[in-house]
Amino acid sequence: GTHHKGQGGRIGILGGSSDFTGAPFYAGIAALRTGAELVYVFCAAEAAVPLKCYSPELMVTPVYSGEGNAAELATAVTQHLFRLHTLVVGCGLGRRPEVLRGAALVVQAARAQN
């Protein structure tokens with residue numbers, strides 16, 4: 001046919017920290033089970049290996065480490081926004097102030113893109 005992988009849904013998830021790896025995993029698996037074809041998880045470096053071990057179906061990219069840097073996190077995620085149909089923010093992200101500032105910058109960029 002003429003259908004290509006990703007046309008049925010490309011989901012981005014910004015979440016996952018050293019303390020919380022399950023939340024972005026479950027969000028990603030739920031997206032796949034409800035019809036999304038590609039799921040990108042943007043997470044803390046400390047969460048990347050556990051997330052990759054949970055499921056090879058999730059495409060995991062570490063975008064910050066430790067306390068995080070808002071600008072670096074935002075830049076790392078926003079460069080992928082063009083390929084996503086939707087973005088889920090916050091699953092297991094934690095409460096580190098710089099990470100939350102970075103997430104807010106990502107949401108601003110996503111809104112500006114639409």
Side-chain angles (χ1 to χ4, degrees):
T2 59
H3 186 78
H4 300 286
K5 186 156 182 127
Q7 286 181 313
R10 296 184 302 272
I11 311 300
I13 299 171
L14 172 55
S17 61
S18 59
D19 296 326
F20 306 109
T21 57
F25 164 75
Y26 286 116
I29 292 301
L32 290 170
R33 289 185 180 171
T34 56
E37 293 178 338
L38 297 172
V39 175
Y40 301 86
V41 178
F42 306 104
C43 64
E46 298 84 355
V49 171
L51 282 165
K52 288 179 182 183
C53 290
Y54 294 160
S55 175
E57 296 172 296
L58 303 175
M59 292 173 282
V60 179
T61 303
V63 294
Y64 76 93
S65 182
E67 294 301 312
N69 176 295
E72 290 176 6
L73 184 156
T75 299
V77 177
T78 56
Q79 68 183 344
H80 296 281
L81 290 178
F82 74 95
R83 69 177 61 154
L84 303 177
H85 291 125
T86 192
L87 179 65
V88 178
V89 179
C91 305
L93 203 55
R95 296 179 185 259
R96 292 183 171 97
E98 274 296 295
V99 175
L100 296 178
R101 277 192 280 282
L105 292 172
V106 170
V107 170
Q108 282 181 326
R111 283 184 169 174
Q113 192 169 357
N114 285 327

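Quick caveat, the model's predicted, so the values are computed rather than measured.
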>> Looking at every non-hydrogen atom in both residues, tell me the closest pair between Thr78 and Ala109 and how far apart they are.
In response: CG2-CB, 3.4 Å
> Measuring from Phe25:CZ to Lys52:NZ, what's the distance to the nearest 0.5 Å?
Replying inline: 15.5 Å
>> Return the OH to CD1 distance between Tyr40 and Ile11, rounded to the nearest 0.5 Å.
In response: 10.5 Å
> For the atom pair CD (Glu72) and OH (Tyr64), what is the distance rounded to the nearest 0.5 Å?
Replying inline: 13.5 Å
>> I'd like to check the side-chain contact (heavy atoms from CB on, under 4.5 Å) partners of Ala110; sequence neighbours left out, ordered by chain and number.
In response: Leu81, Leu87
>> For a quick test of reading the model, state the closest non-hydrogen atom pair linking Val88 to Cys91 and the distance between them.
In response: CG1-SG, 3.7 Å
> What's the spacing between Lys5 NZ and Arg10 CZ if we round to 0.5 Å?
Replying inline: 12.0 Å
> When clusters are formed by joining ILVMFWY residues with side-chain heavy atoms under 4.5 Å apart, either directly or through shared neighbours, do Val106 and Phe42 land in the same one?
Replying inline: yes
>> Please give me the minimum heavy-atom distance between Ala44 and Ser18, naming the atom from each residue.
In response: CB-N, 4.3 Å
> What are the two closest heavy atoms between His4 and Thr2, and how far apart are they?
Replying inline: CD2-O, 3.4 Å
>> Check for me, please, whether Leu105 and Val107 land in the same ILVMFWY cluster - side-chain distances under 4.5 Å, paths through other members count.
In response: no
> Would you call Glu67 and Arg96 a salt bridge, using N to O less than 4.0 angstrom?
Replying inline: yes
> Considering all heavy atoms of both residues, which atom of Ala45 and which atom of Pro62 are nearest to each other, and what is their separation?
Replying inline: CA-CB, 3.6 Å
> How many angstroms lie between CD1 in Ile29 and OG in Ser55, if you round to the nearest 0.5 Å?
Replying inline: 4.0 Å
> Does a side chain donor of either Ser17 or Glu46 reach within less than 3.5 Å of an acceptor in the other side chain?
Replying inline: no
> After noting the C-alpha distance and the side-chain angles of Val39 and Glu57, does the key distance pass the side chain to side chain contact (heavy atoms under 4.5 Å, CB included) rule?
Replying inline: CA-CA 8 Å; Val39 175; Glu57 296 172 296; over 6 Å; no
>> Do Leu100 and Val63 sit in one hydrophobic cluster, given that two such residues count as connected whenever their side-chain heavy atoms are within less than 4.5 Å of each other, even indirectly?
In response: yes
> What's the spacing between Leu73 CG and Ser65 OG if we round to 0.5 Å?
Replying inline: 11.0 Å
> Quick one: are His3 and Glu37 in side-chain contact, heavy atoms under 4.5 Å?
Replying inline: yes
> For Pro24 and Gly16, which heavy atoms make the closest approach, and how far apart are they?
Replying inline: CG-CA, 3.6 Å
>> Would Leu58 and Leu32 count as a side chain to side chain contact (heavy atoms under 4.5 Å, CB included) here? Give the steps.
In response: CA-CA 9 Å; Leu58 303 175; Leu32 290 170; 4.0 Å; yes
> Does one hydrophobic cluster hold both Val77 and Val41, with members joined at side-chain heavy-atom distances below 4.5 Å?
Replying inline: no
>> Assigning hydrophobic clusters by single linkage (Ile, Leu, Val, Met, Phe, Trp, Tyr; side-chain heavy-atom cutoff under 4.5 Å), is Tyr26 placed with Val60?
In response: yes
